Amino acid sequence: MLNADENVGKDASEPGSVVLLRHGQTAWSVSGQYTGRTNIPLTKQGMIQARQAGVRLRQSFPHGFEKDCVYVSPLKRALQTAQQAGFDQPLPMPEIMEWDYGHAEGQIRQDLSKELGRDWDVWSDGPAAVMNLPKADRDEVLPGGDHVQVHVTSGESLQEVAERVDKAIAAIAPQVLDGKDVILIAHAHVLRILAVRWLGLDPIDARLLRMYTAHFGVLGFYKGDRVLKQWNC
């Protein structure tokens with residue numbers, strides 16, 4: 001765990017923090033399939049992970065979060081994580097839905113690279129590079145027997161995702177500057193991109209931040225600068 005400041009608390013006059021919580025385990029986070037807009041549920045282990053994350057959050061933020069400071073991606077895996085972590089009525093925020101992977105949705109990187117005949121990387125190539133590998137909408141059966149509908153779109157570029165998260169940052173900034181702690185419950189790639197955009201970095205730098213299922217990071221301020229305070233807590 002990266003912990004740049006062991007005391008997460010703050011003086012009343014200080015700005016608040018932005019907490020980024022990734023959803024718990026899903027069948028596709030185990031298999032390595034790109035999971036963008038497919039409405040996949042948590043596994044049983046993912047439910048346990050989400051409850052454990054709730055315990056850690058209450059330890060780090062004993063004062064809790066005001067109701068209007070709890071935001072969630074509208075996708076099922078994020079909503080389930082929010083509920084299991086103890087947030088009963090989170091506010092939906094479409095801007096923090098996961099990256100739309102287009103024709104890479106539900107696929108594995110190695111398989112896409114094999115079909116393309118070269119190494120494919122979501123960060124540098126993006127979904128546009130696999131549009132010539134046509135994938136159809138389909139029904140998939142998960143290991144537990146659940147069915148999920150996979151919808152294939154043209155996808156989003158990394159820059160388009162960055163523009164989305166910039167809007168999310170702008171929306172929550174007044175609350176944070178007012179001293180409130182804000183929590184965003186969402187997905188690995190979009191939260192990593194949001195973290196580097198908070199820091200004023202290029203969105204591709206998000207590839208340098210790994211984020212584990214049902215773990216959280218904390219963004220905030222230090223001497224007027226936007227900083228990364230904690231990661232993978």
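These figures come from a predicted structure and were not determined experimentally. As a basis for the values below, the full set of heavy atoms in this structure was taken, side chains included, without hydrogen atoms, waters or symmetry mates. Starting from 1, each residue takes its place in the sequence as its number.
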Find out whether [X] and [Y] are in side-chain contact, i.e. whether some heavy atom of one side chain is under 4.5 Å from a heavy atom of the other.
{"X": "K135", "Y": "V150", "answer": "no"}
{"X": "F87", "Y": "I183", "answer": "yes"}
{"X": "L208", "Y": "V196", "answer": "no"}

With sequence neighbours left out, what residues match [X] under side-chain contact (heavy atoms from CB on, under 4.5 Å)?
{"X": "R118", "result": "L116, D125, A129"}
{"X": "S29", "result": "R22, Q25, T26, T213"}
{"X": "D137", "result": "H151, V152"}
{"X": "E163", "result": "Q159"}

Say whether [X] and [Y] are linked into one hydrophobic cluster, either directly or through other cluster members, by side-chain heavy-atom distances under 4.5 angstrom.
{"X": "L79", "Y": "V148", "answer": "no"}
{"X": "Y212", "Y": "V190", "answer": "no"}
{"X": "M211", "Y": "L42", "answer": "no"}
{"X": "L201", "Y": "V165", "answer": "yes"}
{"X": "L209", "Y": "I96", "answer": "yes"}

Can you list the residues that meet the ring pair (Phe, Tyr, Trp, His ring centres under 6.0 Å) rule with [X], with sequence neighbours excluded?
{"X": "W28", "answer": "none"}
{"X": "Y34", "answer": "Y101, W120"}
{"X": "Y222", "answer": "none"}

Is a side-chain donor or acceptor of [X] paired with a backbone partner of [Y] at a separation under 3.5 angstrom?
{"X": "Q175", "Y": "D68", "value": "yes"}
{"X": "D202", "Y": "I204", "value": "yes"}
{"X": "R192", "Y": "H187", "value": "no"}
{"X": "Q80", "Y": "P41", "value": "no"}
{"X": "T43", "Y": "A27", "value": "no"}
{"X": "R197", "Y": "A162", "value": "no"}
{"X": "E98", "Y": "G36", "value": "no"}
{"X": "D181", "Y": "V19", "value": "no"}

From [X] atom [atom1] to [Y] atom [atom2], the distance as rounded to the nearest 0.5 Å:
{"X": "L133", "Y": "K114", "atom1": "CG", "atom2": "NZ", "result": "13.0 Å"}
{"X": "N39", "Y": "R77", "atom1": "CG", "atom2": "CZ", "result": "7.0 Å"}
{"X": "I185", "Y": "L91", "atom1": "CD1", "atom2": "CG", "result": "10.0 Å"}
{"X": "E105", "Y": "D100", "atom1": "CD", "atom2": "CG", "result": "7.0 Å"}
{"X": "L219", "Y": "I169", "atom1": "CG", "atom2": "CD1", "result": "8.0 Å"}
{"X": "Q89", "Y": "Q83", "atom1": "CD", "atom2": "CD", "result": "10.5 Å"}

Can you name the closest pair of heavy atoms from [X] and [Y] and give their distance?
{"X": "P90", "Y": "A82", "answer": "CG-CB, 4.0 Å"}
{"X": "L194", "Y": "A168", "answer": "CD1-CB, 4.3 Å"}
{"X": "G24", "Y": "T81", "answer": "N-OG1, 3.1 Å"}
{"X": "A50", "Y": "Q84", "answer": "CB-CB, 3.6 Å"}
{"X": "K180", "Y": "C69", "answer": "CD-SG, 3.7 Å"}
{"X": "P74", "Y": "P92", "answer": "CG-CB, 4.4 Å"}

Worksheet entry | Pairs where residues 121-144 contributes a residue and the test ring pair (Phe, Tyr, Trp, His ring centres under 6.0 Å) is met, not counting sequence neighbours | W99-W123, W123-H189

Practice prompt. Evaluate side chain to side chain contact (heavy atoms under 4.5 Å, CB included) for D119 paired with R109, printing each intermediate quantity in order.
Written response: CA-CA 8 Å; D119 188 41; R109 177 180 177 179; 3.1 Å; yes

Worksheet item: Parallel under 30°, tilted from 30 to 60°, perpendicular over 60°: which one fits the rings of F61 and F65?
Response: tilted

Fill in: Stepwise ring-ring contact (aromatic ring centres under 6.0 Å, His included) check, W198 with F221
CA-CA 10 Å; W198 175 267; F221 290 89; 5.4 Å; yes

Worksheet item: In the hydrophobic clustering (ILVMFWY, side-chain contacts below 4.5 Å, transitive), which residues join M97, or is it alone?
Response: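 Its cluster mates, by chain and number, are L75.
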
Discussion item. Evaluate T38 against Q33 for side chain to side chain contact (heavy atoms under 4.5 Å, CB included), listing each step before the verdict.
Written reply: CA-CA 11 Å; T38 301; Q33 292 167 260; over 6 Å; no

Discussion item. Under the rule for side-chain hydrogen bond (donor to acceptor under 3.5 Å, both in side chains), what residues qualify as partners of E156, not counting sequence neighbours?
Written reply: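 side-chain hydrogen bond (donor to acceptor under 3.5 Å, both in side chains) list for E156, sorted by chain: R37, R164.
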
Discussion item. Test of understanding: with side-chain hydrogen bond (donor to acceptor under 3.5 Å, both in side chains), list the residues that count as partners of T35, not counting sequence neighbours.
Written reply: none

Worksheet item: Which residues satisfy the salt bridge (charged side-chain N to carboxylate O under 4.0 Å, His left out) test with R138, sequence neighbours excluded?
Response: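 Listed in chain order: E140.
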
